Amino acid sequence: MATSDIQVAEHALQHHFADMEQQQETSTFGMWMFLLTEIMFFGGLFCAYLVYRASYYQAFVEGSQKMNIWLGATNTAVLICSSLSMALGVRAAQMGKPKLMAILLLITMVFGFGFLGIKGIEYHEHWVHHEFPGPNFHFETGDPAHPATDPQHTQIYFSLYWAMTGLHAFHMIIGIGLVLWIMIAGLMGAFTPSYFTPVENVGLYWHFVDLVWIYLFPLLYLISKKHGG
Amino acid sequence: MWKNLPLFPERASALAWQVDGLYFLLVAVSAFFTLLIFVLIFVFAVKYRRSVHPHPVQIEGSLPLELAWTLIPLGICMIFFAWGSLIYFQEARPPQGAMEVYVVAKQWMWKFEHETGQREINQLHVPLGRDVKMIMSSQDAIHSFYVPAFRIKADVLPGRYTSTWFHPTKVGTYHLFCAEYCGTDHSGMIGQVIVMEPYAYQAWLSGGGATGSLAENGQQLFQQLGCSTCHRFDTQGRGPNLTNIFGKPVLLDDGRTVVADENYIRESILNPGAKIVSGFKPIMPTFQGQVSEENLMALVAYIKSLSQPASGPASNQAAASVSSNGQ
Amino acid sequence: MATAVQSVERENYLNSNYGIKSWLLTSDHKRIAMLYLISITAMFWIGGFFAMLIRLELLTPAGDLVSSDTYNKLFTMHGIIMVFFFLIPSVPAVIGNFVIPLMIGAKDLAFPRINLLSWYIYMAGAITAIVAMVTGGVDTGWTFYTPFSTTYSNTHVIGAAIGIFIAGFSSIFTGLNFIVTIHRMRAPGMTWRRLPLFCWSNYAAALIMVLGTPVVAITLLLVALERAFNIGVFNPQLGGDPLLFQHLFWFYSHPAVYIMILPGMGVISEIIACFSRKRVFGYEFVALASIAIAVLGFLVWAHHMFVAGISVYAALVFSLLSYLVAIPSAVKVFNWTATLYKGSIRYETPMLYAFGFIGLFTVGGLTGVFLASLGIDVHVTDTYFVVAHFHYVMVGGMVMAYMAGLHFWWPKISGRMYPEAWAKLSALLVFVGFNTTFFPQFILGYMGSPRRYHAYPPEFQVLNVLSTAGASILAVGYVLPMIYFLWSLRYGELAPPNPWNAVGLEWMTPSPPPTHNFDETPIVTWEAYDYEHQPQEEVSVGH
């Protein structure tokens, strides 16, 4: 067992690194830099969101009241669970249990698909209610006593909602692909307790994508419970 | 000056002198530092060339020197900063009692409307020695109002008013350029600012085919569009009484306060739900797409005229808040 | 003679294996640098061709050579190609890619396959942008200002924006690779204080690439989405704010200027030290100035918007910060000049370019101080003054530095010497041509000639003719190196490992270097620019 472990590690060492430790530190450091880029990538959208929310608060409140808080909350829970299974999966890889790791990663993927499914239901509802920005956009508060005060800026709310959650969902899809890749690689024996950096890095990515949602949920769904009018 | 090769723009506004003064100082300081660097490089390169100076002397660095060439340029820069900012503040604050000209920019022309109702395209007649304030909006892309002889420039944005002002000091005809790229005929979006002696300007005014002043046109629109049914001049209307509101703070129903400036009036016509006055219901329909930029300006001018006689200082304050950088 | 020597040439990265596949699938940073060199040179000539057409059109006041729509497309495509597809990758992706691992004693960049991927991404972006241009072009200006770009332009805005979006990721990956490489791949003994200044400045630029590029990527994506679906984020007719676009755009695009100039400054530090045979004066200050520029560079973006309708107080703050970012640049110029003092100076071509860089960058930087000054900026922004200013920094600064670096490391890259006399001639032509082209534009700008004008009032003609005349000299200055570099590949003298007798790990390995850079990992025991202990032998080159 121990010798094959060393063999795998030697095999995984790329020619331009001095040793496994340097290689591991380097790739993890690279992953953190990549996540920094990702933060700035989402940052542009968050910045636009904050600017418009500050200027057109009422319109944003009315828009957010169209969100299905229960589905959103469920999705938050789903993602937190998926982060847990991901973390356990990384732990399993570290302990050299590829089968356990594969099962945990499978669970993570199921959660991921669950999230996308629920998000799809929400998207569908917004779509049929014409809450998609563009020429067909049409916004009603659904309460005749309180007509929409500022549908123009509510449309901007929805533009940002679709852009931010869409970009997030796109990251989820990539994340699921990555998890699938390391699951298969793990089952084929690519990782050992001394070499599981790819698992660790995919884990970092997955947690990052979860974290983005942790911010998106309150910002988009929970602006204000009070009914504006 | 050489007639065929002018190397310096004309100076035709009170501000131009100040801008040029700072410019000359900057040129002098820049020329000094550029020459300093050029001369030093040249002298060192010749004096210490390999053939006469084969053995370099290693010098690690020098903290006093580093501090000197950090702090001295910094100090000089702060002078430029202060002076440049003073000029900018003046540009941003139109003086009291300036004559107002409303400007609509569109691809690819400038439309001007004087308070007295005269309309012009790509030409702007102004009297010598008066402060002239431009209140500007664009019908399409972003444009920029630029008169080099006055050393002023201000972007003209769609969906809001920006402004700038000048005080012409020299009779003549000056270039007006669009300085923000705006499409196919951007370089054709040019015109002239014609500064005239006051008497000539009066003659020009009386010759023009104005049909009522801008505020009078606004008043007619106010009736036609039915604004007057709700915005009555007593306390019984379903909308706020608009007398003497211009330039005053307005309490909104979400507790915020805004100053009723040109941009606020504009927004309230086009997007009435955005800022509701405290104590009123959001029942006003939007006039988006029903009022042209010119008519909007007439309405704004009319509502301003409702506040003019009694509240001089307030409207001046508001004028300041719609400065070229007002927001 | 040359061929006889070549036959006994040892194995290096160029001859280790052959065939297109060995290049397109390489993970060797040196070969990837060459891929970049070829692609950005092609882009440079396309962008330069557009520039020549622009200058020819401006020979006469009337718009007579091309239509106004064509002219608008020309300056837009010139800007997009030169900024995003030439300047941003130039020094980092070509020279940095080649020499950074060599300088720090590494076998390769930290992520060789990501490095190759970034070239493919660059190519995908470039091809997307070129397809958009060939199928009709784009006319928004390289700044894509909304609502013109989202609503009123009838050209291929989406294609161009997506092309830049894609190329952005190439830049991000290059930056990421540099940061990680400089942190983790240094040879034993290569401490941060011994790091060549070229690495410091590329490190600073890489920080901007990683932190800034994603913002412009998402912004241009929003522009494309807005144009495709009319969603209204930046469209005032739909309640959006066009100034938000400008803020987001300049948040990247101002620091992007430092992505372009910082690596160039690094090149100059290397060359000045080498050809005056001295340690760079105030090494720490020059290194820290790079970081200071990168950090402060993120805080000055709104100085592009002083007349755009931002608040007076915002303008004040951004004006002040813009002055602050000028200081570290000034510090660098003074330190380079001081390095010459009591040196032992040789006038090889790279040094001539470096002299040119310092002079032109000084002019470019000082005119930047004009623009930071609010009162002056109102008058000269969006005029030829700005055009002249940024060409002094980008062409007079960055392209000079790029040319300096290419000449300096050409023996290392190709294993051949370039013809020195021709190179000196080209350096002179570039310097003269450049100044003749762009200095008149400062005067034009202060006179009020707006930029992006297809036709202009007749009183501006003389200066425009001068400018066009200069541009033709400049063009010759750029064509010459292209010819003699190619010529030298076959006929140039074989280069020794260290033709300039320079200090630095990249000169301690053969020219061209073997695939793994060093036969054994070097151990660094000396300070950077240790010319004091470099043997004083007079190495004569090519004589």
Side-chain angles (χ1 to χ4, degrees), chain B residues 5-7 9 19 22-23 26 30 33-34 37-38 40-41 44-45 48-50 53-59 61 66 69-70 73-74 77 80-81 84-85 87-88 91-92 140-142 144 146 148 151-155 157-159 162 175 177 179-187 325 327, chain C residues 68-69 141 145 147-148 152 236 242 276-279 281-283 285 307-312 315-316 319-320 323 326-327 330-331 333-334 337 340-346 355 358-359 362-363 366 369-370 373-376 378-379 382 443 447-448 450 452-455 457 459 462 531-532:
Chain B
L5 180 59
L7 292 174
V19 175
L22 177 55
Y23 177 71
L26 273 158
S30 302
F33 278 106
T34 310
I37 297 293
F38 272 70
L40 284 178
I41 289 179
F44 291 162
Y48 303 116
R49 63 187 184 278
R50 182 76 47 92
H53 196 261
H55 299 291
V57 180
Q58 298 299 328
I59 305 165
E66 298 288 347
W69 59 51
T70 303
L74 187 66
C77 279
F80 296 149
F81 168 68
S85 303
I87 296 173
Y88 189 71
E91 281 166 349
D140 36 54
I142 298 176
S144 193
Y146 179 34
R151 311 284 189 273
I152 55 154
K153 184 183 291 127
D155 281 8
L157 297 161
T162 57
H175 283 300
F177 292 126
E180 187 63 79
Y181 173 68
C182 59
T184 307
D185 214 6
H186 169 55
S187 55
N325 309 294
Q327 236 276 58
Chain C
S68 56
D69 276 329
Y145 268 24
F148 181 75
Y152 299 100
S276 33
R277 310 217 58 73
K278 273 184 67 189
R279 178 171 161 84
F281 191 89
Y283 168 92
F285 290 90
V307 300
I310 58 172
S311 87
V312 182
L316 277 186
S319 169
L320 184 66
Y323 281 111
I327 302 301
V331 167
V333 169
F334 286 120
T337 311
L340 300 176
Y341 178 67
K342 293 198 173 171
S344 177
I345 295 164
R346 226 163 59 171
F355 287 153
I358 299 177
T362 302
V363 175
L366 283 166
V369 173
F370 285 56
S373 175
L374 287 164
I376 304 281
V378 168
H379 175 50
D382 281 322
I443 303 168
M447 283 167 67
R452 295 174 172 175
Y453 264 36
H454 169 232
E459 66 259 35
V462 176
Y531 281 97
E532 197 171 356

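Worth saying up front: this structure is predicted, and the values here are computed from it rather than measured. Here is how names work: the chains are called A, B, and so on, in the same order as the sequence lines, proteins then strands, and each is numbered from 1.
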K.L.:
Using a cut-off of under 4.5 Å on heavy-atom pairs, state which of S319(C), A315(C), G448(C) scores highest against chain B.
P.N.:
G448(C)
K.L.:
Report yes or no: does S344(C) contribute a side-chain atom to a donor-acceptor pair with the main-chain N or O of S276(C) at less than 3.5 Å?
P.N.:
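Pair absent, no side-chain N/O of S344(C) close to backbone of S276(C).
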K.L.:
Please determine, among P242(C), S68(C), A326(C), the option with the most heavy-atom pairs under 4.5 Å with chain B.
P.N.:
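Of the options given, most contacts go to S68(C).
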K.L.:
Are any side-chain N or O atoms of S85(B) and backbone N or O atoms of F81(B), one a donor and one an acceptor, separated by less than 3.5 Å?
P.N.:
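Answer holds: yes.
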K.L.:
If you count heavy-atom pairs under 4.5 Å with chain B, which of L320(C), I358(C), V363(C), V369(C) comes out on top?
P.N.:
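Option with the greatest count: L320(C).
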K.L.:
Out of G183(B), S144(B), G159(B), which one racks up the most heavy-atom pairs below 4.5 Å with chain C?
P.N.:
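Between G183(B), S144(B), G159(B), the count favours G183(B).
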K.L.:
Measuring heavy-atom distances to chain C, does I142(B) have an atom under 4.5 Å in its side chain, in its backbone, in both, or in neither?
P.N.:
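For I142(B), backbone and side chain are both near chain C.
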K.L.:
Are there more than 12 heavy atoms of other residues, nucleotides or ligands under 6.0 Å from atom OH of Y152(C)?
P.N.:
yes
K.L.:
Pick one of side chain, backbone, both or neither for C182(B), based on which atoms fall under 4.5 Å of a heavy atom in chain C.
P.N.:
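The backbone, not the side chain.
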K.L.:
Do you know which of R151(B), H186(B), E66(B) has the most heavy-atom pairs with chain C at a distance under 4.5 angstrom?
P.N.:
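Ranked by contacts with chain C, first place is E66(B).
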K.L.:
Does K342(C) use its side chain to pair, donor to acceptor, with the backbone of K278(C) at less than 3.5 Å?
P.N.:
no
K.L.:
Using a cut-off of under 4.5 Å on heavy-atom pairs, state which of G141(C), G359(C), A330(C) scores highest against chain B.
P.N.:
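So the answer, after comparing G141(C), G359(C), A330(C), is G359(C).
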K.L.:
With chain C as the partner, which of I152(B), I37(B), D185(B) has the greatest number of non-hydrogen pairs under 4.5 Å?
P.N.:
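The answer is I37(B).
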K.L.:
Scan H53(B), R50(B), H55(B), Q58(B) and name whichever one has a side-chain contact (heavy atoms from CB on, under 4.5 Å) with R277(C).
P.N.:
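Going through the options one by one, the only one that passes is R50(B).
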K.L.:
Drop me the distance from Y531(C)'s OH to R279(C)'s CZ, to the nearest 0.5 angstrom.
P.N.:
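It comes to 12.0 Å.
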K.L.:
For I327(C), which atoms come within 4.5 Å of any heavy atom of chain B: side chain, backbone, both, or neither?
P.N.:
side chain
K.L.:
Nearest 0.5 Å, please: how far is CZ in F334(C) from CZ in F281(C)?
P.N.:
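Rounded to the nearest 0.5 Å, the CZ-CZ separation comes out at 12.0 Å.
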K.L.:
Apply side chain to side chain contact (heavy atoms under 4.5 Å, CB included) to the pair V19(B) and I87(B), showing each step before the final yes or no.
P.N.:
CA-CA 7 Å; V19(B) 175; I87(B) 296 173; 3.9 Å; yes
K.L.:
Check the angle between the aromatic planes of F44(B) and Y48(B) and answer parallel, tilted or perpendicular using the 30° and 60° thresholds.
P.N.:
tilted
K.L.:
Which region of Y145(C), side chain (C-beta onward) or backbone (N, CA, C, O), has a non-hydrogen atom less than 4.5 Å from a non-hydrogen atom of chain B, or is it both or neither?
P.N.:
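Only the side chain of Y145(C) comes within 4.5 Å of chain B.
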K.L.:
For the interface with chain B, which of T362(C), I443(C), V331(C) has the highest count of heavy-atom pairs at distances below 4.5 Å?
P.N.:
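Maximum pair count with chain B is reached by V331(C).
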K.L.:
At a heavy-atom separation under 4.5 Å, does Y146(B) approach chain C through its side chain, its backbone, both, or neither?
P.N.:
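Contact with chain C is through the side chain of Y146(B) alone.
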K.L.:
Distance from L22(B) atom CG to S373(C) atom OG, nearest 0.5 Å?
P.N.:
4.5 Å
K.L.:
Chain C heavy atoms under 4.5 Å from Y23(B): which part of the residue, side chain, backbone, both or neither?
P.N.:
both
K.L.:
Among G282(C), G343(C), P236(C), single out the residue with the greatest number of heavy-atom pairs under 4.5 Å to chain B.
P.N.:
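Looking at each option in turn, the highest pair count goes to G343(C).
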